[in-house]
Amino acid sequence: MPDPSSFIPARGPQIRPVQIQARSWGWRHAGRQNQAVSGLDLEIEPGERVLLLGASGAGKSTLVHALAGVLGDAEDGDETGSLLIDGRRAAEARGRVGLVLQDPDSQVVLARVGDDVAFGCENLAVPRSEIWPRVRRALAQVGLALPLDHPTSSLSGGQKQRLALAGVLAMQPGLLLLDEPTANLDPRGVLEVRDAVVRSLDRSGATLVVIEHRVEVWQDVVDRVIVLDPAGGVLADGATDEILASHGERLAQAGVWVPALPPRFPARHPIGSGQTLLRAEGLAVGRVPFGRRAASVVAAGITLSVAAGTATVVTGPNGAGKSTLALTLAGLLKPAGGSLRACENFAAGAAPEPHRWRSTQLLTRIGTVFQDPELQFLAATVRDDLLIGPRALRLSVAEQTNRVDELMRRLRLDHLADANPFTLSGGEKRRMSVATVLATRPRLLILDEPTFGQDSRTWQELVTLLAELLDEGTALVAVTHDAAFVSALADEEYRLGTPDPIRLESGAR
Amino acid sequence: MHATLTSTRPVTANKPRNFRWRVVDIVVASVIGVASGVIFWAWGLAWSPLSAILTFTPGLEGLLAGGWLFAGVLGGLIIRKPGAALYTEVIAAVVSMLIGTQWGFSTLIWGIVEGLGAEIVLALFLYSNWRLGVALLAGAGAGVAVGLLDTTVSYAALDFGFKAVYFTSAVVSGTVLAGLLSWLAVRGLARTGALSRFAAGREGARARSGALS
Amino acid sequence: MSLLTPMIRPSVVARLNPVAKLAVALTVSCALLLSIDWVSAGVALLLEALLLLWCGLSARQFWLRTAPVWIAAPMAAITTILYGEDSGALLWHLGFISVTDGSAQLGLAIGLRVLAIGLPGIVLLATTDPTDLADGLAQVLRLPARFVLGGLAGLRLVGMFIEDWHSLTLARRARGVGDGGGLRGAARRFFGPAFSLLVISVRRGSKLATAMEARGFGSDTPRTWARPSRVRGADAVLVGIGFGIAGIAIGVAVWAETWSFILA
Ligand SMILES: Nc1ncnc2c1ncn2[C@@H]1O[C@H](COP(=O)(O)OP(=O)(O)OP(=O)(O)O)[C@@H](O)[C@H]1O
Ligand SMILES: Nc1ncnc2c1ncn2[C@@H]1O[C@H](COP(=O)(O)OP(=O)(O)OP(=O)(O)O)[C@@H](O)[C@H]1O
Ligand SMILES: [Mg+2]
Ligand SMILES: [Mg+2]
């Protein structure tokens, strides 16, 4: 049993920062052949701020889970070596450590925003009088201006990420672990959230370990960079500038986004002005709340057209309705107003409104990748799942295998062919969901945040693949916060406006 | 329910048995309980017309009882910890009650008794045997429990012949609807990999393929 | 908002402690379960009907929520009238089925009992937020927090079923398995997402458990509660009323000599 007093953080601004020590530590997930992490030797001093880098699948998330003591016991996998937090096993130090998980969708605990942020504080036995001020401060810090009793079920992806971060900041832990905390945020939000983290660290002096593929966001605020080697151990470790300067080349090879060595943008060979496929005029988009008949509109007055061989990117702040727009353009949601029509050549015999198309008609016309990749997984292995589309099209078996093998190779999923899609790392899931739509070769691709959480190598491969498809005449609509993606591919940018600001409720609960 | 027993008897390989509930056990048991509760509720709606048809048979309504018994067996088979069957069944009962059933708060009492029926069978096997036979027996156990309860309370006013038919059909229904179906459902869930954090899931996955071990 | 996180209008009943509501409904249910007679059930129902006027549910919500009870009560009554233990004058007879004075009276009692037990439970819980109920269970009844909050988390995941169902059908449509296939296809389209729903919630549950542990949940050290759950005077009054209803119902039945204890 751990000493219970250690669960209660010291009052006042000073929190005892955490010290980390790994001795040839390794972990293999139950059911996997390969080690996720192996031979790790590390020491992180109290108060240090560390940026943890590594290729997709290198084991970064696994490591921070272990540090937070939530990797589980012998039932969940095999541990080797030792990993100590302040000299104790990580699982015993739980509560001294706050972790924001990679997947924002699965960390909402309670039904109301305020309660959810308070949850961590309650577990640490923070007195009630102190909880609500902390909650309000944390929400303000991460820029989530919602009433405390706002339901958590209707937040956008970025809003959920801010919520999760607020919940951990309110705990004021001695070690703050952030697993890609800004992947879903709009560019302003990224800086806002980063600064919130830094401010909170300045006050508390806590140790920080942050995972983020985009080095430039954090490089000025961290002291040290650690790069995990997918083959085991550490690839590089040291002061940020030093490492980036001396090992830059090697790191870029390994998939790290080194600011001085950005991935090359693929050359585009457009085939001239493409045919228009879809046209939206005064389109309003929204979702129909349960039990209601009329949609609640989140964005309106959208006029745009999508042409073959061109890439249209949709940008805008969190909660602006980008995903809703993407689903509407994809023929999955019914427009809430205005008109959305497919041109005759594109509809090719189907009705002019995409939302009235049959599912198999959609397959060869519009391929959609959802913001949350897990929603789209249907089969128990990566290969079977990729085969679903080609099968629905009744392609020949040889053709099915061809397409799927080719895609798995190009997106570096071939070593995972028999893995369960749900057990993949964040980046692997994203690649896999992109692969599922590419397998049916639709004429229009609609991708919701296609590059979030990708290392630079995969990013480059993905962008190159998309550029090739564009050159072949495929149309692309991508919702994204990724400025590099916009500069690499966008022919047109559509910015969605700011959502109506909602005031933070002033009344205390 | 707050069991902290630890037994040293090995189950698989040489991993020590841990009877303490992990957080994931609690949350997943609750998820299964709540989802089953929604089905209980729907079954309650369907029950009225179905039982009206069976009204003209003496006591065959017992055949419908199994629709309220599967939650406990399912939870027990997945979580494999003491109290899991009882916990899941009670949660399911409470949830159907929250949504609204014609039995109001007595739903809770029924849930406890039915859960105990399955729980006792699993306990008799020392929480270490999870084969089909045990699943069927657990379902039957729940059937016995509800058969006894219904014939003493709900149908207290009816005559003995009715009670005997009712009791037997409740046990049959429990064995099939609760025992067999739950066992099949666990297998299906394990196959999707959703139970990867549970022994029940890993055994299923191992049986499926050697590719990933 | 969803099935399990209802919009609750502010009302007197909505502000009461959920544990008090639970106690009342449980007391009345237990009292009525002890006997089958139309007097105790009828008296309880009458008294409840007076109280339900203050429940704060709109008429539409009230009928929607209580619909199962209104269907079940006559069903239960009919079963008993046909198969109830016979006594008194024989009114009608066909094979197994016989309707007598006694069985008709029993049928009436059973029908009233279903109403009297069902209505208060549904109405009281329709005015309760699950989070508040969990707070009450943990703080007032002192049930273990790990189980209460784990249960609440599970409840919330399933509460999102309707939204998830919607997203899943959209995703299936996008993957080309959203329609076609005739009757078999339709069955697949129902059972496919239904099973996916279970799979996804079990998965989410596993991950949510990790997220909860990552925020310090799950140890045995005491925790604090941001939302206090207190038992106030009004709650005591409510519990008193509950005991009153149970007592009066039994008292009147005993006085009228209709009380028949089930185990006797
Ligand atoms: N629960 C799990 N069960 C089985 N295997 C897993 C599980 N979680 C992760 N893995 C595997 O372990 C390896 C490391 O995964 P991890 O999530 O730590 O990678 P990562 O470095 O965070 O990658 P990314 O940048 O893509 O998020 C991957 O091959 C992944 O497929
Ligand atoms: N399932 C849902 N039910 C109800 N409202 C929702 C749902 N999903 C999102 N919303 C709301 O609709 C609005 C638009 O959401 P949407 O997901 O389209 O935003 P977004 O622009 O994609 O944001 P992000 O960049 O954070 O992903 C938000 O205010 C959000 O709260
Ligand atoms: Mg990761
Ligand atoms: Mg979005």
Side-chain angles (χ1 to χ4, degrees), chain B residues 1-2 21-35 37-38 41 44-45 47-49 51-52 55-59 61 78 87 91 95 97-109 152-159 161-162 185 188-189 192-198, chain C residues 3-4 25-26 28-29 33 36 65-66 68-69 71-73 75-76 78-80 82-86 96-97 103 106 110 114 117-122 125-126 130 144 146-147 150-151 153-155 157-158 161 195 197-199 201-206 208-210 212-213 217-218 262-263:
Chain B
M1 244 176 264
H2 220 80
W21 287 54
R22 301 171 296 169
V23 175
V24 63
D25 293 323
I26 299 175
V27 175
V28 170
S30 310
V31 166
I32 292 167
V34 178
V38 178
W41 173 77
L45 291 189
W47 180 85
S48 297
S51 77
T55 290
F56 297 96
T57 63
E61 280 142 298
I78 290 175
Y87 179 79
I91 293 279
V95 165
M97 177 176 98
L98 280 171
I99 309 176
T101 66
Q102 57 262 44
W103 297 280
F105 269 85
S106 47
T107 317
L108 175 62
I109 301 164
T152 44
V153 181
S154 322
Y155 298 109
L158 304 193
D159 49 33
F162 178 98
L189 271 176
T192 65
L195 301 178
S196 61
R197 290 198 64 189
F198 299 87
Chain C
L3 202 60
L4 293 166
L26 214 54
V28 174
S29 297
L33 279 179
I36 306 170
R65 285 283 193 150
T66 56
V69 186
I71 300 170
M75 293 287 189
I78 290 170
T79 312
T80 316
L82 299 184
Y83 293 110
E85 235 170 85
D86 295 325
F96 267 117
I97 304 168
S103 71
L106 279 176
I110 293 280
V114 169
I117 290 177
L119 287 181
I122 293 176
L125 284 170
R146 266 159 49 92
F147 281 87
L155 185 75
L157 285 183
V158 178
F161 262 14
F195 189 65
L197 218 53
L198 184 64
V199 172
S201 4
V202 169
R203 270 182 201 296
R204 281 230 189 97
S206 305
L208 183 63
T210 307
M212 290 169 84
E213 289 184 307
F217 181 72
I262 45 167
L263 296 178

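In the text below, chain A, chain B and the rest are named by the order of the sequence lines, each starting its count at 1. All heavy atoms count here, side chains included; hydrogens, waters and symmetry mates do not. Only a predicted model underlies this, so the values are computations on that prediction, with no experimental measurement involved.
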Interface residue of largest heavy-atom contact number with chain C, from Asp25(B), Ile78(B), Leu189(B), Ile32(B), under 4.5 Å: Leu189(B)

Considering non-hydrogen atoms only, spot the tightest contact between [X] and [Y] and give its length.
{"X": "Leu198(C)", "Y": "Ala35(B)", "result": "CD1-CB, 4.1 Å"}
{"X": "Val199(C)", "Y": "Ala194(B)", "result": "CG1-CB, 3.8 Å"}
{"X": "Tyr87(B)", "Y": "Gly151(C)", "result": "OH-CA, 3.7 Å"}

Ser30(B) side chain near Leu155(C) side chain, heavy-atom distance below 4.5 Å: no

Ile26(B) vs Met212(C) side-chain heavy atoms within contact, under 4.5 Å: no

Option from Val27(B), Val24(B), Val23(B) for which side chain to side chain contact (heavy atoms under 4.5 Å, CB included) with Glu213(C) holds: Val23(B)

Pairwise distance OG(Ser29(C)) to CD1(Ile109(B)) - rounded to 0.5 angstrom: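 Interatomic distance, Ser29(C) OG to Ile109(B) CD1, rounded to 0.5 Å: 6.5 Å.
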
N/O donor-acceptor pair under 3.5 Å between Arg146(C) side chain and Trp21(B) backbone: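 Pair found, side chain donor or acceptor close to backbone of Trp21(B).
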
